[in-house]
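On a predicted model such as this, the values are computed, not experimentally measured, just so you know. Numbering of ligands and ligand atoms starts at 1, following listing order.
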Amino acid sequence: MADEALSAGAVARRLGVAVTTLRTWHQRYGLGPSEHVPGHHRRYTPADLARLEVMRRLTAEGVAPAEAARWARQGPDVVPSGASARTAVGRDGGPTIPVGRAGPAARGLARAAMRLDSVVISETIARAIATDGVVATWDGLLRPVLVGIGERHDATGGLVEVEHLVSRCVSEALAAAARAAAPPGPPRILLACADEEQHSLPLEALAAALAEVGAGYRMLGARVPVPALLEAVNRTGPAAVVLWSHTRTTADPDQLAALLAAHRRPLLVLAAGPGWRADTLPAGVVRPVDLSEALALAVAVRDALDRPAAS
Ligand code: B12
């Protein structure tokens with residue numbers, strides 16, 4: 001047995017959790033190492049590891065830690081699915097970030113967010129992107145949790161630290177998402193947030209979705225002043241420009257008018273985000289309803305330009 005027993009560091013690496021998380025699971029829920037060789041640190045046996053794997057899986061699926069630990073202590077043979085374990089949990093007050101009708105992964109992410117557990121937050125997002133792709137991850141996992149954080153913040157004035165940590169983890173996971181090879185030639189799509197607009201995550205989601213389908217883009221990020229936007233447009237001549245505004249205060253339609261009047265006017269100008277009001281948009285500007293429409297429009301324009309002229 002001694003040969004197979006593992007240190008806390010090795011177990012943490014195998015499970016992809018922090019050593020401090022293991023310590024918490026040990027102290028709070030009794031899921032500790034059971035092998036003790038006199039004069040040495042305690043070691044985790046294969047049976048301990050199996051229990052911790054259950055704990056790890058159920059908490060990632062949204063089951064409250066105390067409930068997950070109860071199942072874990074019973075061993076891997078009796079463990080339920082995350083959903084059935086959670087039914088017993090729903091009565092204890094439920095997750096503190098509301099996620100509406102979103103699935104177990106969103107509930108797990110909401111719980112990890114409340115614990116400020118950046119390891120699980122990042123892992124959950126990365127796994128979803130790898131399995132389901134960027135668009136489904138944004139719509140089914142990230143958006144519900146982000147909206148829930150916003151609602152809870154609105155109601156309580158709190159959760160600012162949660163909002164910042166989750167935002168950072170979302171940015172990192174989107175930036176690390178798999179990229180298909182882009183065809184040769186300069187990127188045809190320019191992404192920018194409106195002047196003073198700090199909400200950049202939806203645009204980062206679009207960037208990751210473009211990368212996933214092998215469409216090249218340039219991303220100017222948050223708070224882009226109009227002169228800088230025009231400079232970028234005139235220097236790079238993009239086929240499509242996506243300008244994101246999340247709030248009414250940053251949705252000045254003059255920014256869109258300036259794009260339409262640019263020396264190298266883009267074929268397509270997209271006003272994306274809930275900040276824009278449809279009735280104030282200059283003629284010729286298109287307003288997508290969601291990420292998949294923004295993606296489809298930008299890719300269609302890129303494809304139209306890159307298609308060889310008919311002979
Ligand atoms: C994360 C976050 C932040 C982060 C942003 C980090 C980052 N890098 O993006 C930080 C902490 C910086 C931040 C700052 C602020 N925030 Co903030 N923030 C949020 C939060 C929680 C999520 C934002 C997000 O990404 N939403 C994305 C999705 C979830 O939004 P959605 O509206 O459902 O989007 C849909 C449509 O737009 C549509 N769609 C249409 N076209 C397209 C195109 C594409 C490409 C996509 C993807 C989607 C799409 O589909 C979307 C869903 O996919 C929201 C809550 C919320 N409900 O959004 C608050 C929220 C937007 N913030 C808010 C506020 C007030 C602020 C601050 C002013 C706070 C302050 N006092 O400092 C500042 C500064 C804002 C500024 N000047 O830009 C308010 C805005 C209220 C309003 N309507 O005016 C909100 C709604 C929170 C709240 N309920 O009070 N914030």
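- Checking L206, L201, D290 one by one against W138, the side-chain contact (heavy atoms from CB on, under 4.5 Å) holds for a single residue, L201.
- Per-atom contact check: atom 40 (C) of ligand 1 touches the protein, criterion being a heavy-atom distance below 4.0 Å.
- Within the listing of ligand 1, atoms 76 (C), 77 (N), 78 (O) sit less than 4.0 angstrom from a heavy atom of E196.
- When distances from atom 21 (C) of ligand 1 to the protein are checked, a heavy atom turns up under 4.0 Å.
- D132 places no side-chain N or O within donor-acceptor distance of the main-chain N or O of T137, the cut-off being under 3.5 Å.
- With ligand atoms numbered from 1 in the order given, ligand 1 contributes 78 (O) to contacts under 4.0 Å with heavy atoms of E197.
- Within a 4.0 Å radius of atom 71 (N) of ligand 1, the protein contributes no non-hydrogen atoms.
- Side-chain atoms of R265 never come within 3.5 Å of backbone atoms of L259 as a donor-acceptor pair (strictly under, hydrogens ignored).
- In terms of polar-atom proximity, defined here as any N/O pair under 3.5 Å, W138 does make such a contact with ligand 1.
- The shortest N/O to N/O separation between S167 and ligand 1 does not fall below 3.5 Å.
- Distances below 4.0 Å separate heavy atoms of A272 from the following atoms of ligand 1: 43 (C).
- No donor-acceptor distance shorter than 3.5 angstrom exists from the side chain of D252 to the backbone of Q255, with no hydrogens or angles considered.
- With hydrogens and angles ignored, the 3.5 Å screen pairs no side-chain donor or acceptor of R111 with any backbone N or O of T59.
- S7 contributes a side-chain N or O that, together with a main-chain N or O of A10, makes up a donor-acceptor pair within less than 3.5 Å.
- Between the D48 side chain and the T45 main chain, a donor and an acceptor come within less than 3.5 Å of each other.
- For atom 86 (C) of ligand 1, the nearest protein heavy atom lies 4.0 Å away or farther.
- Taking 4.5 Å as the limit, every side-chain heavy atom of V226 sits out of range of all side-chain heavy atoms of D254.
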Using a 3.5 Å cut-off and no angle test, enumerate the donor-acceptor pairs between side-chain atoms of residues 20-29 and protein atoms at least two apart in sequence or in another chain.
| from | atom 1 | to | atom 2 | distance (Å) |
| --- | --- | --- | --- | --- |
| T24 | OG1 | T20 | O | 2.8 |

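- Here H164 has side-chain heavy atoms under 4.0 Å from ligand 1, and that is the only part of it that gets that close.
- Protein N/O/S atoms found under 2.8 Å from atom 17 (Co) of ligand 1: H199 NE2.
- The protein heavy atom nearest to atom 37 (O) of ligand 1 is P274 CD, 3.0 Å.
- Counting only heavy atoms from C-beta outward, the side chains of R277 and L281 never approach each other to under 4.5 Å.
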Discussion item. Could you go through R56 and V17, starting from their C-alpha distance and side-chain angles, then the distance that decides it, and tell me whether this counts as side chain to side chain contact (heavy atoms under 4.5 Å, CB included)?
Written reply: CA-CA 8 Å; R56 165 75 188 75; V17 302; 3.2 Å; yes
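- Hydrophobic clustering (side-chain heavy atoms under 4.5 Å, transitive across Ile, Leu, Val, Met, Phe, Trp, Tyr) keeps V119 apart from L116.
- Counting atoms of ligand 1 from 1 in the listed order, those under 4.0 Å from a heavy atom of W244 are 37 (O), 42 (C), 43 (C), 44 (C), 46 (C), 48 (C), 49 (C).
- Taking every non-hydrogen atom of P288 and a distance limit under 4.0 Å, the qualifying atoms of ligand 1 come out as 40 (C), 41 (N).
- Atom 75 (C) of ligand 1 lies below 4.0 Å from at least one non-hydrogen atom of the protein.
- Not counting sequence neighbours, E212 has no partner by the salt bridge (charged side-chain N to carboxylate O under 4.0 Å, His left out) test.
- A donor-acceptor distance shorter than 3.5 angstrom exists from the side chain of H153 to the backbone of G158, with no hydrogens or angles considered.
- Residue-ligand proximity: A205 is placed with every non-hydrogen atom at 4.0 Å or more from ligand 1.
- Following chains of ILVMFWY side-chain contacts shorter than 4.5 Å, one can reach L174 starting from M219, so the two form part of one hydrophobic cluster.
- Among all non-hydrogen protein atoms, the one lying nearest atom 47 (C) of ligand 1 is P202 O, 3.5 Å.
- Atom 79 (C) of ligand 1 is never approached by the protein to below 4.0 angstrom, counting heavy atoms only.
- Not a single N or O atom of L206, backbone or side chain, sits closer than 3.5 Å to an N or O atom of ligand 1.
- The shortest N/O to N/O separation between V289 and ligand 1 falls below 3.5 Å.
- Although no hydrogens or angles enter the test, the distance criterion places a donor-acceptor pair under 3.5 Å between the side chain of W276 and the main chain of L243.
- Counting only heavy atoms, the protein gets under 4.0 Å from atom 11 (C) of ligand 1.
- Residue pairs meeting the side-chain hydrogen bond (donor to acceptor under 3.5 Å, both in side chains) criterion with at least one member in residues 169-196, sequence neighbours excluded, are R168-E172, S171-E204, R179-Y217, R188-D306, E196-R223.
- Each of the atoms 7 (C), 8 (N), 9 (O) of ligand 1 lies under 4.0 Å from some heavy atom of S200.
- Looking at atom 90 (O) of ligand 1, its nearest protein heavy atom turns out to be D154 OD1, 3.5 Å.
- In terms of polar-atom proximity, R143 is counted as a contact of ligand 1, with an N or O under 3.5 Å from an N or O of the ligand.
- Distances from atom 3 (C) of ligand 1 to the protein include at least one heavy-atom value under 4.0 Å.
- Of the possible polar contacts, one joining the E197 side chain to the H246 backbone as a donor-acceptor pair under 3.5 Å is found.
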